[in-house]
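Notes to accompany the following structure.
Keep in mind that the numbers below use all heavy atoms, side chains included, and drop hydrogens, waters and symmetry copies. The model shown is predicted, which means the values in this text are computed figures rather than measured ones. Just so we're on the same page: letters track the sequence lines, and every chain starts at 1.
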Amino acid sequence: MLAQNLFTTIKKDREFRQVYKNSKSMANKLLIIYIMKNQSESNRVGLTVSKKVGKSVVRSRVKRLMKESFRLNHHRIKNGYDIVFVARIGCNEATYHEIESAMLHLFKKMHLTK
RNA sequence: UGAGUAAGUCAGAUGGUCGCGGACACAGUUUAACUGUGGACGAGGAAAGUCCGAGCUCCAUAGGGCAGGGUGCUGGGUAAUACCCAGUGGAGGCGACUCCAAGGAAAGUGCAACAGAGAUAUACCGCCCGUUCUAUAUAUAAGGUUUAAUUACGUUAUAUAUUGAAGGGGUAAGGGUGGAAAGGUGAGGUAAGAGCUCACCAGCAACUAGGUGACUAGUUGGCUAUGUAAACCCCAUCUGGAGCAAGACCAAGUAGGGACAUGAAAGCGGCUGCCCGUCGCGUCCCGUGGUAGGUUGCUUGAGCCGUCUGGUAACAGCCGGCCUAGAUAGAUGACCGUCAGAUACAGAACUCGGCUUAUAGAUUUACUCACAUA
RNA sequence: GUGCCCGUAGCUCAGCUGGAUAGAGCAUCGCCCUUCUAAGGCGAGAGUCCGGGGUUCGAAUCCCUGUGGGCACG
């Protein structure tokens, strides 16, 4: 029960830079993923939506959708990674289901699924 | 019924499952924080643009002068405003009603390209009156030739008329240019004309009456004054600066060296620019540390709702009731249903009052016009 | 969040104290020069002066309003 909620977020700019520098990346139409092994048992996730995607309403909606789909699916993947998702411009009109399937697709590509 | 005008209101609702934020209550670990449970609360009418005005904080207690900047019909409202209300004037609409940066151009300066004769006063063409010269026509007179005949012809002089030229004067009706040509229309008048005179109209000044006032109405007078102040400017009035990344407290952390000066003066810095005034400071160069801190400011406020009273209204006052986001990489979302169907513009970041801009749709009230019926 | 700045030819900029032909350099195109190219010379085209409204006789310029882009902050 506790293990399900064992993820934290990446917040500081320095941590984001570290991930970008030392990670493997992949992309599809909607999202870009960066993953890096960390020394802990749990996963850390960072979400980025740039200003190119849209105005503040669109950006915060995309962020919420990404957050929700990660929350509902993170139990399927391995632990011990720093993961950063970057939203691409196509996200501004995407629905929840599209973003969820894009995220699962990237998990599969990265061989993160258990 | 249709077309409109004005002022408002709402901004999907609801059920289930999973999830987020900070408070509160309880429990546990344990001694200052964490974990769990619980039921409440949790984005907007514009949260937007940052165009104004304030509160609050620091700069000196917020000071003086000049410059700069804002505002600009009148009266009121307000903490204040460039906002609001009521009126005045102007423009638009059949109307309900709407719109207007709307002081001063007779304090001064500047600008008005091109065109046009001329641009703040002018005289090109034109019109009119004298003078001189030339030509033509007519009339009269003189003498010459000629004829029956002052019959005809030409010459000279004078007068009149017309045409042309030169030069002088008057005029501002007409022409065309221009955004604008110094009142407009009509009549009289005149050499031709002209506010030269008169009537009406527009505009100006003074006086009288009404109104707190903008202004309105009337009488009289002199006859006339280009536009531009969103050009400088004048007048009236307001205005110190920076902004919550303001500021306050706590914690952690670094390394000094060299040159000049040592009182005064000078200099530097803060108080937007300049001058004063005032406060603080030894100055310059080289080097070093930090920029993953925390707490606070941070939400009870010129607050919201309702009755009544005053006021045409904006608004104010009394009384009663309510507490309604406070995050810090930044909280509201996802899925499945129901409501016939659909969901616009759009996300708080110290807080308010306005303005401006974006906006699917639903709905209320009052009024206007047209048509029909009675 | 707060405070500022800038939009003019394809690019970089003038012009911004109102006057009609909106200029300059580079780039593009054509011709000349050269055996050919480059360089050089001559010429040409290319502008919603960011959009809308207002002031004015007249606006790239002045005023208002929107839009796009950029900069700074302890």
With a 3.5 angstrom cut-off on both distances, give the Watson-Crick or G-U wobble partner of U299(B), or none if there isn't one. none
Considering Watson-Crick and G-U wobble pairs with both distances under 3.5 Å, what does A96(B) pair with? none
With a non-hydrogen cut-off below 4.0 angstrom, is S56(A) in contact with a base, only sugar-phosphate, or nothing? sugar-phosphate
Give me the distance, rounded to whole Å, that separates G53(B) from U81(B) when you measure between the C1' atoms they each carry. 4 Å
Student check: side-chain heavy atoms of H74(A) and N43(A) closer than 4.5 Å: no
For C201(B) versus G221(B), give the span between their P atoms, rounded off to a whole number of Å. 16 Å
Since syn is defined as within 90° of 0, does G195(B) count as syn or as anti? syn
Name all residues meeting the side chain to side chain donor-acceptor pair (under 3.5 Å) criterion together with H97(A); count only those two or more places apart in sequence or in a different chain, and write none if there are none. none
Give none if A346(B) has no partner; otherwise give the nucleotide forming a Watson-Crick or G-U wobble pair with it, both distances under 3.5 Å. none
State which residues pass salt bridge (Lys or Arg N to Asp or Glu O under 4.0 Å) with E100(A); sequence neighbours excluded, sorted by chain then number. none
In the structure shown, which nucleotide is the Watson-Crick or G-U wobble counterpart of A33(B), with both distances under 3.5 Å? U29(B)
Any protein N or O atoms within reach of nucleotides 332-336 of chain B? Criterion: under 3.5 Å, listing atom names and distances.
residue: U332(B); atom: OP2; partner: R64(A); partner atom: NE; Å: 3.1
residue: U332(B); atom: OP2; partner: R64(A); partner atom: NH2; Å: 3.4
residue: G333(B); atom: N2; partner: E68(A); partner atom: OE1; Å: 3.4
residue: G333(B); atom: N2; partner: E68(A); partner atom: OE2; Å: 2.8
residue: A334(B); atom: OP1; partner: R61(A); partner atom: NH1; Å: 2.5
residue: A334(B); atom: OP1; partner: R61(A); partner atom: NH2; Å: 3.3

Residues that K78(A) engages under side-chain contact (heavy atoms from CB on, under 4.5 Å), provided they are two or more places apart: Y81(A), K114(A)
Residues in side-chain contact (heavy atoms from CB on, under 4.5 Å) contact with R59(A), at least two apart in sequence or another chain: V49(A), K51(A), S56(A)
Answer yes or no: is there a side-chain heavy-atom contact under 4.5 Å between I99(A) and F85(A)? no
Counterpart residues, side-chain contact (heavy atoms from CB on, under 4.5 Å), relative to S23(A) (two or more places apart): V19(A), Y34(A), M36(A)
For G195(B), the Watson-Crick or wobble counterpart (both distances under 3.5 Å): none
Watson-Crick or G-U wobble mate for C58(B), both contacts under 3.5 Å: G241(B)
Quote, to the nearest angstrom, the C1' distance that separates U212(B) from A82(B). 26 Å
Anything under 3.5 Å between a protein N or O and an N or O of nucleotides 68-70 of chain C, put it in a table, one pair a line.
none

When the C1' atoms of G22(B) and G39(B) are compared, how many Å lie between them, rounded to an integer? 16 Å
Taking syn as any angle within 90 degrees of 0 and anti as the rest, which one fits U324(B)? syn
Considering only heavy atoms from C-beta outward, does the side chain of K109(A) approach that of H105(A) to under 4.5 Å? yes
With both distances under 3.5 Å as the test, what is the Watson-Crick or G-U wobble partner of G221(B)? C204(B)
Within 90° of 0 counts as syn, otherwise anti: where does A106(B) fall? anti
Sequence neighbours left out, what pairs pass salt bridge (Lys or Arg N to Asp or Glu O under 4.0 Å) with at least one residue falling in residues 79-91 of chain A? R44(A)-D82(A)
Sorted by chain and residue number, the side-chain contact (heavy atoms from CB on, under 4.5 Å) partners of R76(A) (sequence neighbours excluded) come out as N73(A), L104(A)
Tell me which nucleotide, if any, is Watson-Crick or G-U wobble paired with A24(C) when both distances must be under 3.5 Å. U12(C)
When rounded to whole Å, the CZ to P distance for the pair R59(A) and G330(B) reads 13 Å
